[in-house]
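Each remark here refers to the structure printed beneath this line.
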2 protein chains.
Amino acid sequence: MSARNTDTKEEILRIGKQLIQFYGYNAFSYADISRELNIKNAAVHYHFRGKEDLLMALVQNYIDNYQLLAQQLKAAPLKAVGKLDKFIERYTLLCETDSICIIGSIASDYNTLPDSVKEKVTELINLVMSLVEQTLAEGKRKGELVFTETPKTQALLIMTNLAAGVQLARISGKKDYEAIRKAIIRQVKS
Amino acid sequence: MSARNTDTKEEILRIGKQLIQFYGYNAFSYADISRELNIKNAAVHYHFRGKEDLLMALVQNYIDNYQLLAQQLKAAPLKAVGKLDKFIERYTLLCETDSICIIGSIASDYNTLPDSVKEKVTELINLVMSLVEQTLAEGKRKGELVFTETPKTQALLIMTNLAAGVQLARISGKKDYEAIRKAIIRQVKS
DNA sequence: ATAATAACTTACTAATAGGTAAGTTTTCCT
DNA sequence: AGGAAAACTTACCTATTAGTAAGTTATTAT
């Protein structure tokens with residue numbers, strides 16, 4: 001309750017995030033959100049004019065979040081493998097709640113989305129990709145990581161392993177995800 | 001078969017396949033199918049009682065198709081890389097129509113599906129995974145392929161690269177997919 | 001030729017979707 | 001204390017969804 005509750009907006013984003021990662025964008029409704037928060041449907045529309053706006057805000061939220069992670073990793077006294085681990089950990093957490101990453105979720109519904117969202121998603125992907133790529137490049141330069149592909153390509157391989165890894169885990173179990181996770185590290189370490 | 005049209009059922013499956021790979025399971029309706037085929041909504045229900053039954057048939061269709069591919073590859077006078085290429089080619093084709101693989105599409109909507117479908121999808125994944133795994137194992141045994149992971153893990157890596165590769169291509173373009181495709185081959189060749 | 005049946009169409013449901021306009025309550029600011 | 005503005009609720013609306021029952025037309029088998 002904002003004038004009743006100060007953070008309904010953030011709560012909506014929180015639930016929205018959960019729903020899109022668990023069910024997918026086209027499989028949840030404003031009713032799902034309002035039910036969960038014990039508010040009315042129109043209250044959700046008050047904070048986010050339409051579903052498109054909610055998704056937009058959600059993607060922006062992820063952008064902010066990954067920008068923060070990028071900063072933290074830059075400042076952190078961690079080796080490249082440690083930084084990579086920090087990144088991978090996010091996917092491991094998703095996996096534990098049978099959720100998938102928002103990029104994969106949105107990619108699957110991509111052809112049903114308005115252009116505005118598509119552009120924001122491109123922004124998110126570019127950010128995430130360059131974060132991984134730079135971590136890999138830096139690690140290689142410092143001799144902490146070893147791989148033969150370009151950092152960009154290696155980043156693509158890792159990202160796709162993770163994104164589809166959490167998707168696969170839903171169906172064939174978490175062991176497969178764990179095998180993937182360990183293999184990713186092995187491929188750039190050694 | 002059909003009084004008016006002999007292959008309406010197969011046409012429905014064809015369109016259904018396209019729709020699920022382009023829009024996703026929760027984003028298409030029987031109306032989309034009937035519009036495309038110039039038949040009425042109820043005609044689709046005549047052939048497939050409900051959307052669940054259609055999806056079920058669709059997944060079974062893929063199972064049949066991959067079983068056929070498995071047989072063809074077994075009989076084909078191809079080296080392991082060639083067999084792998086045949087497999088990868090399917091994803092490359094998907095990519096060209098901005099479509100994604102059915103496994104990734106279903107994985108994204110997985111938590112909205114009935115148990116019956118979930119089981120069939122597991123069957124499909126097991127089939128596809130073992131096809132790749134066996135191709136890799138055989139290639140390694142014959143000295144045609146070189147990789148350090150177990151065939152099972154290497155198959156997981158390749159499958160996730162491809163599944164998420166076509167998803168990513170929707171957003172960030174086909175060049176990224178091509179980079180992934182080439183890297184997959186490099187990783188097991190030489 | 002006809003009866004059975006397969007393949008439909010017509011004409012409906014009931015439920016849910018996303019969304020809006022107008023009114024009400026709460027909080028904030030002066 | 002008294003607005004103004006923010007944060008809602010109430011009460012709708014229209015479109016679409018999956019789905020069904022009953023009737024119609026075409027095909028097939030006898």
Side-chain angles (χ1 to χ4, degrees), chain A residues 1-20 22-59 105-106 108-109 111-117, chain B residues 1-20 22-59 105-106 108-118:
Chain A
M1 337 177 165
S2 218
R4 289 86 188 264
N5 185 344
T6 323
D7 44 25
T8 299
K9 192 163 186 171
E10 279 162 37
E11 287 285 281
I12 293 172
L13 283 170
R14 212 194 82 235
I15 303 295
K17 197 171 164 176
Q18 277 177 22
L19 289 170
I20 200 171
F22 194 78
Y23 293 115
Y25 179 68
N26 286 315
F28 83 87
S29 69
Y30 270 32
D32 293 323
I33 296 175
S34 54
R35 201 184 308 116
E36 180 79 23
L37 296 177
N38 281 310
I39 57 179
K40 299 297 157 182
N41 216 293
V44 185
H45 279 284
Y46 171 76
H47 289 287
F48 300 98
R49 198 183 285 253
K51 215 181 166 186
E52 174 184 338
D53 304 77
L54 174 60
L55 182 59
M56 202 72 167
L58 226 58
V59 175
S105 180
I106 290 180
S108 296
D109 288 341
N111 291 326
T112 70
L113 302 177
D115 286 348
S116 56
V117 178
Chain B
M1 327 214 222
S2 96
R4 285 85 184 276
N5 186 339
T6 325
D7 42 25
T8 299
K9 192 163 186 172
E10 279 162 38
E11 287 286 280
I12 293 172
L13 283 170
R14 212 194 81 235
I15 303 296
K17 198 171 164 177
Q18 277 178 21
L19 289 170
I20 200 172
F22 194 79
Y23 294 115
Y25 179 69
N26 287 315
F28 83 88
S29 69
Y30 269 32
D32 294 322
I33 296 175
S34 54
R35 200 184 310 117
E36 180 80 22
L37 295 178
N38 282 310
I39 55 178
K40 299 296 157 184
N41 216 292
V44 185
H45 279 284
Y46 171 76
H47 290 287
F48 300 98
R49 197 183 286 253
K51 217 181 164 185
E52 174 184 337
D53 303 78
L54 174 59
L55 182 59
M56 202 72 167
L58 227 57
V59 176
S105 181
I106 290 181
S108 296
D109 288 342
Y110 198 69
N111 292 326
T112 71
L113 302 177
D115 286 348
S116 55
V117 178
K118 287 184 180 178

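Residue numbering restarts at 1 for every chain, and letters A, B, ... go by the order of the sequence lines.
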For [N], does either OP1 or OP2 sit under 4.0 Å from a side-chain N or O belonging to [X]?
X: B/T8; N: C/dC8; value: yes
X: A/S29; N: C/dT16; value: no
X: B/H47; N: C/dC8; value: yes

Looking only at the side chain of [X] (C-beta and beyond, no hydrogens), which of the listed nucleotides [options] gets closest?
X: A/N41; options: C/dG19, D/dT9, D/dA18; result: C/dG19
X: A/A42; options: D/dA18, D/dT10, C/dA11; result: D/dT10
X: B/Y46; options: D/dT20, C/dT20, C/dA6; result: C/dA6

Ignoring hydrogens and angles, tell me if any N or O in the side chain of [X] forms a donor-acceptor pair with the backbone of [Y] under 3.5 Å.
X: A/Y30; Y: A/G50; result: yes
X: B/N111; Y: A/Y23; result: no
X: A/K51; Y: A/F28; result: yes
X: B/D109; Y: B/I106; result: no

Inset, instruction - Assign B/F28 to base, sugar-phosphate, or nothing according to its heavy-atom contacts below 4.0 angstrom with the strands shown. - result: sugar-phosphate
Inset, instruction - Report which part of the nucleic acid B/K40 touches: base, sugar-phosphate, or nothing (heavy-atom distance under 4.0 Å, all strands). - result: base
Gap between atoms [atom1] and [atom2], on [X] and [N] respectively (whole Å):
X: B/L37; N: C/dC8; atom1: CG; atom2: P; answer: 10 Å
X: B/H45; N: C/dT10; atom1: NE2; atom2: C1'; answer: 14 Å
X: B/D32; N: D/dG19; atom1: CG; atom2: C1'; answer: 16 Å
X: A/K9; N: D/dC8; atom1: NZ; atom2: C1'; answer: 14 Å
X: B/R35; N: D/dT16; atom1: CZ; atom2: P; answer: 9 Å
X: A/I39; N: D/dT10; atom1: CD1; atom2: C1'; answer: 15 Å
X: A/L55; N: C/dG18; atom1: CG; atom2: P; answer: 12 Å
X: A/K51; N: C/dT16; atom1: NZ; atom2: P; answer: 15 Å

Legend entry - Residue pair B/T8 / B/Y46, side-chain heavy-atom distance below 4.5 Å: no
